[in-house]
Structure formats: structure tokens, C-alpha cells
Amino acid sequence: MKYFMLVNDKDNSPIYLDGVLHESFTEEKYDDGMSYKWNRPFIEQMDFPKELWLITRSKVQFDYYEKFFGHVVSGKFLASMDQVNMLQDYVIANLHVVSTKGKPKVKDLFYFIKCIKRHSLVDYDKSEYLTREVPNNAKLKVGGSFVEKYIKLVLKDTDLDLFQLSDLKLGRYLFCSERFKSLCEEDNLNAVQFIDLELVPDYLQSRV
């Protein structure tokens, strides 16, 4: 089975999405911190806002962007998700994409999603990597020896077409099957890049 890691294409989307995510809008919100319980890398099943506001100075001309410990996705991206065997445990909010003055910046529907369940699909026996020790953290439920650098990444076969991994080094990203990649390409999704697993280690190193 062939798998890919999803990232936002830097040639067609902001290198840095200049914005904040809030549960309501005022002109002062752009300068406020995002001190919400759901604004963490790993969350349990919880009440999640039905509406969120992305207050941004950036152009939003993409269908996918990994940000805010979650994923900003367009209605087109969500429609592609609905056509495959996707991750099941996630929360979703309608996303209002506005300027710092509250003016809408997009005409299409957008959403913000966060995964609740991560999957242990890294084949550590076949992968090659360097490890480091991570202090115990009860809030994140981590502790022990973790991958610091991948040299070779291999995933176990799964019937999921879209999923997120429990591995700390990879946990922020979405991964997908070739089937989901083909659907996105057929639907002409904008600014979504699919990185072959063989190239993932180099990509991660370029982000350091």
C-alpha cells in the first residue's frame, strides 16, 4: 500500500498563516491569546465549538492548511473526505474566515477539524530512526523514548484512507492513501501537497 503525508503547498499558500482562531469575533481578538482547552496538540473527546473565527491578514486561497494543532479545510476538501474510509474520531467546527476588521475573506465554506484518535501505524521494525528521551507529561500522555529523526519511514497497512498518527514526530500531520490523493487531484483541490513516505524524512529535516 502506498501512503502520503499531507502538507500545505508553500508555492500556492502562505508560508506562514498570519492569524488567530477564536470562538467569537471582535476587532480586539486578533491581539488576544488563544487560551482554549481545545487549543492543544492532543485532546480527549470534549465539547467543541460549533462555530469558530479565523481572523487573518493572509490570503486564503487554499483548500487545506495544517495550523492551530488541527486542520483548516475547505468544503471541497471535506467532500473528498466524505468519499473515503476516513478517520472517525474527530471534531469539526464551521469556520468564519475574516479580516482583522471582520470582513469575510472567502466565499466558500471552510471548517476547522481536530483529530481525537491517533493511530499506531508506524512500522518501527522496518523504519530507521534516531531516538531521544522525553520527560513524562501527564497532560499530553507522553513519556519515554521517542523518535527524534527519521531516516526511513514505513507504515503498516491499514484500510483507512485518511488518518493521523500517534507518533510525536509525525502527530501534527494527516496521512492518506493513494485513493484519497487521487480524489483530491480529481477535485482540483488547491495548495495541497502530497509527500511520498520516502521523502518525508528529508521534508521533516527541512522544517527544523
### Message
If hydrophobic clusters are built from ILVMFWY residues whose side chains come within less than 4.5 Å, do Y16 and Y173 share one?
### Response
no
### Message
Using 0.5 Å steps for rounding, measure from the SG atom of C115 to the NZ atom of K117.
### Response
12.0 Å
### Task
Would you please name every residue forming a salt bridge (charged side-chain N to carboxylate O under 4.0 Å, His left out) with E148, sequence neighbours left out?
none
### Query
Between Y129 and Y124, does the ring centre distance come in under 6.0 Å?
yes
### Task
Please answer whether the main-chain N or O of L6 pairs with a side-chain N or O of Q193 as donor and acceptor at a distance below 3.5 Å.
no
### Task
Could you walk me through whether L204 and L170 pass the side chain to side chain contact (heavy atoms under 4.5 Å, CB included) test, one step at a time?
CA-CA 9 Å; L204 294 176; L170 306 167; 3.6 Å; yes
### Query
Do the non-hydrogen side-chain atoms of T100 and R57 ever get within less than 4.5 Å of each other?
yes
### Task
Rounded to the nearest 0.5 Å, what's the gap from CG on L162 to SG on C176? Could you check?
6.5 Å
### Message
Check whether K114 reaches the backbone of F69 with its side chain - one donor and one acceptor, N or O, closer than 3.5 Å.
### Response
yes
### Query
Do any N or O atoms from the side chain of R118 and from the backbone of G171 form a donor-acceptor pair under 3.5 angstrom?
yes
## Note on the structure
Contacts of K59 meeting side-chain contact (heavy atoms from CB on, under 4.5 Å) (sequence neighbours excluded), chain-then-number -> Q61
### Note, W53 side chain near K29 side chain (heavy atom, < 4.5 Å)
no
#### Entry: Heavy-atom side-chain proximity of R179 to V84 below 4.5 angstrom
yes
#### Entry: Atom pair NZ/OG1 of K149 and T131 - distance to nearest 0.5 Å
13.0 Å
### Query
Can you tell if the side chain of E28 reaches within under 4.5 Å of the side chain of Y30, non-hydrogen atoms only?
no
### Query
Taking all atoms of both residues into account, what is the closest heavy-atom pair of S127 and V154, and its distance?
OG-N, 2.9 Å
### Message
When you compare the side chain of N8 with that of K10, does any pair of heavy atoms fall below 4.5 Å?
### Response
yes
### Query
Given side chains that start at C-beta, do those of V192 and C184 come closer than 4.5 Å, heavy atoms only?
no
## Note on the structure
Here the side chain to side chain donor-acceptor pair (under 3.5 Å) pairs for residues 150-159, sequence neighbours left out, are Y150-D167
#### Entry: Residues I116, V91; criterion side chain to side chain contact (heavy atoms under 4.5 Å, CB included); working and verdict
CA-CA 7 Å; I116 302 295; V91 288; 4.1 Å; yes
### Query
Is there a chain of hydrophobic side chains (I, L, V, M, F, W, Y, each step under 4.5 Å between heavy atoms) that links V7 to I15?
no
### Query
F4 vs F194 aromatic rings, parallel, tilted or perpendicular, using cut-offs 30° and 60°?
perpendicular
### Message
Can a side-chain donor-acceptor contact be found between D9 and Y65 if the only test is distance below 3.5 angstrom?
### Response
no
### Query
Got a sec, which residues hit salt bridge (charged side-chain N to carboxylate O under 4.0 Å, His left out) with K181, two or more places apart in sequence or on another chain?
E185
### Message
For L130, is the CG atom crowded, meaning more than 12 foreign heavy atoms sit under 6.0 Å from it?
### Response
yes
### Query
Do any N or O atoms from the side chain of T56 and from the backbone of D18 form a donor-acceptor pair under 3.5 angstrom?
yes
### Task
Using only heavy-atom distances, determine whether the side chains of H96 and E51 contain a donor-acceptor pair under 3.5 Å.
yes
#### Entry: CA sep, side-chain torsions, deciding dist, call: F62, F77, ring pair (Phe, Tyr, Trp, His ring centres under 6.0 Å)
CA-CA 10 Å; F62 51 80; F77 188 95; over 10 Å; no
### Query
Strictly under 6.0 Å, is that where the ring centroids of H71 and Y64 end up?
yes
### Summary
Residues V147 and K169: closest non-hydrogen pair is O-CB, 3.9 Å
### Message
So that I can tick it off, tell me whether D187 and K76 are bridged by a salt bridge, with the cut-off set at under 4.0 angstrom between side-chain N and carboxylate O.
### Response
no
#### Entry: Partner set under ring-ring contact (aromatic ring centres under 6.0 Å, His included) for Y36, not counting sequence neighbours
H22, W38
### Message
Within the structure provided, determine whether V98 and F25 are in side-chain contact (heavy-atom separation under 4.5 Å).
### Response
yes
### Task
List the steps, then state whether side chain to side chain contact (heavy atoms under 4.5 Å, CB included) holds for D63 with V73.
CA-CA 5 Å; D63 288 298; V73 302; over 6 Å; no
### Query
When rounded to the nearest 0.5 angstrom, what is the spacing between CZ in F175 and CG in L160?
13.5 Å
### Task
Measure the CD1-CG distance between I55 and L52 for me, rounded to the nearest 0.5 Å.
10.5 Å
### Task
Looking only at non-hydrogen atoms, find the nearest pair between I151 and P201 and report the distance.
O-CG, 3.7 Å
### Trace of the side chain to side chain contact (heavy atoms under 4.5 Å, CB included) decision for F180 with F163
CA-CA 11 Å; F180 183 76; F163 51 90; over 6 Å; no
### Query
Which heavy atom of S80 sits nearest a heavy atom of L189, and at what distance?
OG-CD1, 4.0 Å
### Query
Considering residues at least two apart in sequence or located in another chain, which fulfil the salt bridge (charged side-chain N to carboxylate O under 4.0 Å, His left out) criterion with K2?
D196
### Query
Could you give the distance from CG (L153) to CD (E198), rounded to the nearest 0.5 Å?
10.5 Å
#### Entry: L165 and L155, any side-chain heavy atoms less than 4.5 Å apart
yes
### Query
If you take all heavy atoms of A93 and P49, which pair is closest and at what distance?
CB-O, 3.1 Å
